> 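Please read through the structure below; I'll follow up with questions.
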2 protein chains.
Amino acid sequence: MFTIGDLSTKTGVSTEAIRYYERIGLIPEPQRADNGYRVYAEADVERLHFIRRARTLDIALDEIEEILAFRERNEPPCSHVMRVMERRIEEIEHRIRDLQRMRDEIQHLHEAGKQLPEDVQMKSCVCHLIQTGIREEVTNNG
Amino acid sequence: MFTIGDLSTKTGVSTEAIRYYERIGLIPEPQRADNGYRVYAEADVERLHFIRRARTLDIALDEIEEILAFRERNEPPCSHVMRVMERRIEEIEHRIRDLQRMRDEIQHLHEAGKQLPEDVQMKSCVCHLIQTGIREEVTNNG
DNA sequence: ACTTGACCTTGTAGTGACTACAAGGTGTAG
DNA sequence: CTACACCTTGTAGTCACTACAAGGTCAAGT
């Protein structure tokens with residue numbers, strides 16, 4: 001039997017996030033002690049461990065809720081979870097590619113910016129490159 | 001002289017985002033026509049082009065505001081911008097590494113999950129792996 | 001001239017996943 | 001008793017938008 005602070009310590013989830021999860025229905029409303037404090041059981045610890053671990057994998061809360069709902073319906077969620085994972089892998093790989101492109105572009109801008117003077121009007125300097133992209137600058141120099 | 005819709009079309013920024021930017025002070029309040037409509041000039045187009053391009057590089061709005069404030073103070077923002085870019089490159093690289101770790105972990109979980117049965121109690125299946133991580137599962141098998 | 005639909009206005013609330021108060025009650029070590 | 005950490009509920013804020021609601025304006029088509 002734990003208070004919300006105990007649960008927070010055990011799971012690494014803030015008390016505020018726990019209350020938030022209860023509010024959105026991700027975790028059940030717990031029993032209350034005579035003083036009105038929430039009282040949690042070991043099953044709540046396990047549920048929050050699952051939630052927290054899934055969150056570190058950037059699985060959305062509504063997705064997590066859906067997975068947990070399988071158990072409540074006495075259905076095994078596993079193939080559903082496998083599909084969630086497959087989607088996550090794709091999303092992550094897509095995001096990595098986006099970020100790599102972004103990084104490459106900033107690096108190009110940064111390298112080009114080293115050759116340019118400073119300009120308070122932001123017309124012939126690195127800031128102008130941000131505005132127009134690097135391709136147009138090359139054209140103007142040609 | 002443009003309406004907000006014209007400005008939106010020219011810059012690819014939604015009218016709603018333009019009003020939002022005005023509200024938070026990122027762009028100046030424009031003149032108004034007799035009918036109360038906002039009236040924008042070419043300088044506003046350029047400013048929004050800069051903002052939009054910086055946003056595609058995931059530069060935060062308050063950071064963008066800071067860059068644009070240099071011009072208003074008649075200071076060249078360029079070395080500041082170069083530092084912003086350097087930080088962005090680091091942040092992006094850090095995020096890429098995080099995502100790569102995350103993807104690798106999900107792939108491991110997914111591979112391991114193929115060998116496991118389905119379990120409505122989520123105790124001996126891939127869902128349990130999510131909760132505990134894969135290392136502990138391997139230990140239990142040993 | 002009227003109609004209609006696209007555009008404009010302001011104000012407000014919602015998104016997702018939290019986080020941070022404010023105001024007040026409870027428990028316990030010192 | 002005091003002080004401080006913990007608890008409660010309720011609300012608002014973060015970030016970068018997005019999406020209404022309610023009402024005004026414009027102009028092409030009838």
Side-chain angles (χ1 to χ4, degrees), chain A residues 1-40 44 47-48 50-68 84 87-88 91-92 95 98 102, chain B residues 1-40 44 47-48 50-68 84 87-88 91-92 95 98 102:
Chain A
M1 304 290 103
F2 319 108
T3 60
I4 193 168
D6 297 330
L7 184 62
S8 173
T9 302
K10 278 177 167 297
T11 59
V13 182
S14 70
T15 59
E16 286 152 328
I18 295 172
R19 287 193 203 96
Y20 171 65
Y21 293 161
E22 179 190 318
R23 199 154 60 244
I24 64 172
L26 187 60
I27 59 175
E29 288 186 29
Q31 304 279 67
R32 294 293 182 129
D34 289 342
N35 58 8
Y37 287 14
R38 291 170 172 80
V39 180
Y40 293 98
D44 300 306
R47 191 175 176 105
L48 262 186
F50 181 82
I51 292 167
R52 187 175 134 269
R53 284 286 302 163
R55 283 300 303 132
T56 65
L57 302 178
D58 259 6
I59 298 176
L61 291 186
D62 63 356
E63 197 77 83
I64 295 168
E65 186 170 15
E66 205 172 327
I67 293 166
L68 294 172
V84 168
R87 279 201 310 263
R88 276 304 295 141
E91 284 160 9
I92 292 173
R95 183 65 182 144
D98 279 351
M102 196 187 299
Chain B
M1 303 289 101
F2 320 108
T3 61
I4 193 168
D6 296 332
L7 185 62
S8 174
T9 301
K10 278 178 167 296
T11 60
V13 181
S14 69
T15 59
E16 286 152 327
I18 294 170
R19 289 195 202 93
Y20 172 63
Y21 294 160
E22 180 188 319
R23 200 153 63 242
I24 62 172
L26 187 60
I27 59 175
E29 288 186 28
Q31 304 280 68
R32 295 290 182 131
D34 289 343
N35 58 6
Y37 287 15
R38 291 169 173 80
V39 179
Y40 293 99
D44 300 304
R47 191 176 176 105
L48 262 187
F50 180 82
I51 292 167
R52 185 175 135 268
R53 284 286 302 162
R55 285 298 305 132
T56 64
L57 303 179
D58 259 5
I59 298 175
L61 291 185
D62 63 356
E63 196 78 80
I64 294 168
E65 186 169 14
E66 205 173 327
I67 292 167
L68 293 173
V84 168
R87 281 204 305 268
R88 278 299 298 140
E91 284 160 9
I92 291 173
R95 182 67 182 141
D98 279 351
M102 196 188 299

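What you see is a predicted model, and the numbers here were worked out from it, not measured in a lab. Order of the sequence lines sets the chain letters (A, B, ...), proteins ahead of strands, with each chain counted from 1.
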> Are side-chain heavy atoms of B:Arg88 and B:Glu91 found at a separation under 4.5 Å?
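In short, these two side chains touch, coming nearer than 4.5 Å.
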> With distance as the sole criterion, do the side chain of A:Tyr37 and the base of C:dG25 form a donor-acceptor contact below 3.5 Å?
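Answer is yes: a donor-acceptor pair is held.
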> Do you see a donor-acceptor pair shorter than 3.5 Å between the side chains of B:Asp6 and B:Thr9?
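Their side chains do not contain a donor-acceptor pair, so the 3.5 Å distance test is not met.
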> Under 3.5 Å, side-chain donor or acceptor atoms of residues 14-27 of chain A against the rest of the protein: list the pairs with distances, not counting sequence neighbours.
| unit_1 | atom_1 | unit_2 | atom_2 | d |
| --- | --- | --- | --- | --- |
| A:Ser14 | OG | A:Ala17 | N | 3.0 |
| A:Glu22 | OE1 | A:Arg38 | NE | 2.8 |

> From the 5' end of DNA chain D to its 3' end, which nucleotides mark the outer limits of contact with chain A, defined by a 4.0 Å heavy-atom distance cut-off (strictly under)?
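Result: D:dC6 to D:dT9.
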> When you compare the side chain of B:Glu65 with that of B:Leu68, does any pair of heavy atoms fall below 4.5 Å?
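Result no, sub-4.5 Å side-chain heavy-atom pair not found.
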> Quick one: is C:dG27 close enough that its OP1 or OP2 comes under 4.0 Å of any side-chain N or O from A:Asn35?
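The answer is yes; a side-chain N or O of A:Asn35 sits under 4.0 Å from OP1 or OP2.
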> Evaluate the side-chain proximity of B:Leu61 to B:Arg55: yes if any heavy-atom separation is below 4.5 Å, no if none is.
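They are in contact (side-chain heavy atoms under 4.5 Å apart), so the answer is yes.
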> With a 4.5 Å limit on heavy-atom distance, are the side chains of A:Leu48 and A:Ser8 in contact?
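With C-beta onward as the side chain, the pair stays apart.
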> Do B:Ile51 and B:Val13 make a side-chain contact, defined as non-hydrogen atoms from C-beta onward lying under 4.5 Å apart?
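No; the side chains remain at least 4.5 Å from each other.
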> Might you point out which heavy atoms bring A:Met102 and B:Thr56 nearest each other, and give the distance in Å?
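Nearest heavy atoms, A:Met102 then B:Thr56: CE-O, 3.7 Å.
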> Check nucleotides 16-19 of chain C against the protein and report each pair of N or O atoms closer than 3.5 Å, with its distance, or say if there are none.
| unit_1 | atom_1 | unit_2 | atom_2 | d |
| --- | --- | --- | --- | --- |
| C:dA17 | OP1 | A:Leu61 | N | 3.3 |
| C:dA17 | N7 | A:Tyr20 | OH | 3.3 |
| C:dC18 | OP2 | A:Tyr21 | OH | 3.0 |
| C:dC18 | OP2 | A:Arg55 | NE | 2.7 |
| C:dC18 | O5' | A:Tyr21 | OH | 3.4 |
| C:dT19 | OP2 | A:Ser14 | OG | 3.3 |

> Counting the atoms with a prime plus P, OP1 and OP2 as sugar-phosphate, which does B:Ile24 contact under 4.0 Å by heavy atoms, base, sugar-phosphate, or nothing?
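Touches nothing.
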> Send over the distance from B:Asp6 CG to C:dC7 P, rounded to a whole Å.
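B:Asp6 atom CG is separated from C:dC7 atom P by 10 Å.
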